[in-house]
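Keep in mind that this is a model prediction, so the values were computed, not measured.
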Amino acid sequence: MGILNLKREAPLYADHQSGASGERHKGSQSIAKHTANGYIDLNKRQSGHELLMNTPVIYDTFTRALQPLQPADGATFRFYCCGPTVYGPAHIGNFRTFVVQDLLRRVIEAAGTTTRHVRNLTDVDDKTIRQSQAEGKSLTAFTTYWRDQFHADCEALNCLSPHVEPSAVAHIPLQIRMIEQLLAKGHAYVADDGSVYYRVQSFDAYGKLSRLEQRQITTTCGHQHAQTDDEYDRESASDFALWKAHKPEDGPNVWDSPWGPGRPGWHIECSAMSVEYLGESFDLHGGGEDLVFPHHENEIAQSEAATGKPFARLWFHSAHLSVEGRKMSKSLGNLYTLADIQARGFDAMALRYVLLSGHYRQPLNFTWDSLKAAQSALRRLRQLGQDLRQAAGEAPVPGAHTEGPFTPVYDALADNLNTPDALGKWFTVVHTLEKRLHQDALPAAEAATLYAAYQHLCDTFGFVFAPDQESPAPAEVQALAEERWAAKQARDFARADALRNEITDRGWTVQDAKDGYTLAPAS
């Protein structure tokens with residue numbers, strides 16, 4: 001066993017108690033949903049477990065208010081998340097969004113609701129075409145490579161695979177069909193070069209998600225298009241491309257359409273594929289906050305104009321990630337990937353912990369010190385699980401479980417995914433259980449029940465621990481070391497010396513440093 005470094009940096013869970021959401025879920029009364037067969041209590045698990053988790057709520061970007069995560073059909077919560085553009089490795093800012101979306105799904109399922117999760121792959125756009133040609137590869141070979149890399153990173157971060165993962169290229173006929181619907185209804189027009197544009201002025205509700213005024217929309221869109229599109233091809237600066245006519249720089253990446261050869265615009269793919277796999281109206285649409293305008297605004301306009309029905313009921317957006325207090329950018333060299341994290345000696349679970357350590361609606365500042373604190377926190381969680389399992393002995397671990405002492409943790413997750421509060425409350429329970437384990441005051445049957453509850457909570461957060469991961473010092477030794485450090489800080493040196501002797505008697509040595517201590521097995 002190697003050395004366990006317990007440097008006393010500010011732990012991620014130290015100030016989690018304060019929370020960060022600013023929107024509190026008032027009350028925990030049951031919310032029932034009417035179905036053809038009567039009412040179902042959405043606070044109760046449908047899997048047979050006796051978990052009575054509050055109906056989760058999230059902040060809905062559209063209504064600017066907390067809304068319950070209930071399936072409209074009373075059975076399956078259907079949601080769509082904008083996936084990656086597969087032209088390079090996803091960076092940790094991208095993964096903040098994907099990990100938060102993964103937690104959202106896990107919390108909904110922990111509350112007893114079945115989900116249907118659709119996430120697209122953008123494998124044809126300006127970036128994928130430009131980069132594949134620069135590397136002398138076919139679009140398919142190029143995007144397949146980066147798609148597989150994205151999947152590998154998702155697996156390492158323990159993100160659940162979506163139920164459906166459609167690609168833009170594989171669904172071009174669907175996109176053409178929706179464009180035809182928009183043309184037939186007067187919401188789109190064909191330009192002289194064969195490109196097709198959405199007529200923003202035809203959709204009175206345009207801007208309802210972002211709440212931008214028409215002047216802002218026109219100015220913003222005009223600036224975005226000025227470098228790429230001929231202004232005279234469009235009726236208005238705010239109109240956007242549904243189909244792009246083929247240009248020489250597109251090379252062999254071209255598809256036939258009723259308007260001539262070309263390829264779809266970026267926005268139409270999400271509308272076409274979400275309607276195909278979730279229906280014309282579904283429960284929730286998610287993405288990073290940078291997608292609110294224009295991408296999600298355009299999706300609403302396209303979809304509702306084509307179908308005549310409301311699109312997504314709820315909109316879920318996560319805030320940006322910065323690195324060491326600076327915006328992520330290529331020029332700063334801080335577009336870190338999971339491979340960069342692992343090259344520094346950190347594992348994927350530490351990154352997952354960091355990405356969940358801040359409230360999803362607040363900007364998160366990534367630091368290398370935060371990864372160190374995350375690994376320490378995860379070691380402590382892992383050790384608790386090992387100690388509970390050991391204390392259970394021969395007692396059978398129940399298949400079903402209750403929340404038990406972890407109820408406050410679930411309450412925090414149900415309250416707008418308040419992960420800072422949830423992690424703080426989790427470590428409050430950890431501290432209590434560590435003391436009981438140290439005092440040998442945990443009966444085997446109770447330890448087995450607690451172990452089942454602990455495992456389910458790890459599953460809800462998506463934390464997994466490799467079976468061959470090196471074990472840190474036992475929980476009782478860690479607790480003694482923590483108590484000794486506190487005594488030393490209080491200048492109670494006699495108590496600190498006594499605790500050092502007790503640690504030595506248990507086969508461990510403790511070495512002090514300026515800002516912490518190190519535990520290592522005695523030689």
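At a threshold of 4.0 Å, the pair Asp283-Arg313 counts as salt-bridged, since one of the basic side-chain nitrogens sits closer than that to a carboxylate oxygen. Between Arg105 and Asp102, no side-chain nitrogen of the basic residue sits less than 4.0 Å from a carboxylate oxygen of the acidic one, so the salt-bridge criterion is not met. At a threshold of 4.0 Å, the pair Arg147-Glu165 does not count as salt-bridged, since none of the basic side-chain nitrogens sits closer than that to a carboxylate oxygen.
Side-chain contact between Met178 and Gln175 is absent, with no heavy atoms from C-beta onward closer than 4.5 Å.
The minimum heavy-atom distance between Val323 and Met328, with the atom names listed, is CG2-CG, 3.6 Å. Pro166 and Val118 get closest at one heavy-atom pair: CD-CG1, 3.8 Å. Among all heavy-atom pairs drawn from His317 and Glu289, the shortest one is CB-CA, 4.0 Å. Here the shortest heavy-atom pairing between Gly286 and Gln101 reads C-NE2, 3.6 Å. Here the shortest heavy-atom pairing between Leu364 and Val354 reads CD2-O, 3.4 Å. Taking every heavy atom of both residues into account, Ile176 and Asp256 meet most closely at CD1-O, 3.5 Å.
Checked by atom type and distance alone, the side chain of Asn365 pairs as donor or acceptor with a backbone atom of Glu324 at under 3.5 Å. Side-chain atoms of Tyr189 come within 3.5 Å of backbone atoms of Glu235 as a donor-acceptor pair (strictly under, hydrogens ignored). Arg234 contributes a side-chain N or O that, together with a main-chain N or O of Asp239, makes up a donor-acceptor pair within less than 3.5 Å. Side chain of His359 to main chain of Asn416: a donor-acceptor pair is present (N/O by atom type, distance under 3.5 Å, no hydrogens or angles). When atom types are taken as modelled, the side chain of Arg78 and the backbone of Leu278 share a donor-acceptor pair closer than 3.5 angstrom. In terms of modelled atom types and a separation under 3.5 Å, the side chain of Ser274 and the main chain of Ser271 share a donor-acceptor contact. Put simply, the side chain of His246 gets close to the backbone of Gly251: a donor and an acceptor are under 3.5 Å apart. Distance alone, capped at 3.5 Å, places no donor-acceptor pair between the Asn120 side chain and the Cys270 backbone. Between the side chain of Lys330 and the backbone N or O of Leu335 there is no donor-acceptor pair closer than 3.5 Å. Distance alone, capped at 3.5 Å, places no donor-acceptor pair between the Thr419 side chain and the Ser357 backbone.
Ring pair Phe311/Trp315 is tilted by interplanar angle, where 30° to 60° counts as tilted. In this pair, Phe142 and Trp146 present their aromatic rings perpendicular. The plane angle is above 60°, beyond the 30 to 60° band. By the 30° and 60° cut-offs, the orientation of the rings of Phe406 relative to Trp426 is perpendicular.
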Pairs under 3.5 angstrom only: tabulate donor-acceptor contacts from the side chains of residues 152-160 to other protein residues two or more places apart or in another chain.
from   : atom 1 : to     : atom 2 : distance (Å)
Asp153 : OD1    : Gln149 : NE2    : 3.1
Asn158 : ND2    : Gly462 : O      : 2.9

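Between Tyr206 and Tyr198, the distance from one ring center to the other does not fall under 6.0 angstrom. Checked against the 6.0 Å centroid criterion, the rings of His171 and Tyr277 qualify as a close aromatic pair. Outside the 6.0 Å centre-distance limit, the rings of Tyr80 and Phe316 are not counted as a close aromatic pair.
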Stepwise, does the salt bridge (charged side-chain N to carboxylate O under 4.0 Å, His left out) test hold for Asp340 with Arg344?
CA-CA 7 Å; Asp340 294 327; Arg344 295 268 193 122; over 6 Å; no

Walk me through whether Ser331 and Ser329 qualify under side chain to side chain donor-acceptor pair (under 3.5 Å).
CA-CA 5 Å; Ser331 61; Ser329 69; 3.1 Å; yes

Evaluate side-chain contact (heavy atoms from CB on, under 4.5 Å) for Cys82 paired with His296, printing each intermediate quantity in order.
CA-CA 9 Å; Cys82 289; His296 288 165; 3.3 Å; yes

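Every salt bridge (charged side-chain N to carboxylate O under 4.0 Å, His left out) that Asp250 has, sequence neighbours left out, goes to Arg263. Here Tyr87 pairs with nothing under the side-chain hydrogen bond (donor to acceptor under 3.5 Å, both in side chains) rule; sequence neighbours left out.
Residues Ser318 and Thr97 have side chains that bring a donor and an acceptor to within less than 3.5 angstrom of each other. A donor-acceptor contact closer than 3.5 angstrom links the side chains of Thr122 and Glu269. Side-chain atoms of Asp193 and Ser195 include a donor-acceptor pair closer than 3.5 Å.
The neighbour count for Lys208 NZ, taken as heavy atoms of other residues, nucleotides or ligands under 6.0 Å away, is above 12.
The only option from Phe465, Phe463, Phe366, Phe461 that meets the ring-ring contact (aromatic ring centres under 6.0 Å, His included) definition with Tyr353 turns out to be Phe463. Screening Asp148, Asp125, Thr144, Thr143 against Val86 for a side-chain contact (heavy atoms from CB on, under 4.5 Å) leaves a single residue, Thr143. Considering Glu297, Glu299, His295 in turn, His295 is the only one that fulfils the side-chain hydrogen bond (donor to acceptor under 3.5 Å, both in side chains) rule with His267.
We find the OG-CG distance between Ser210 and Leu291 to be 12.5 Å, quoted to the nearest 0.5 Å.
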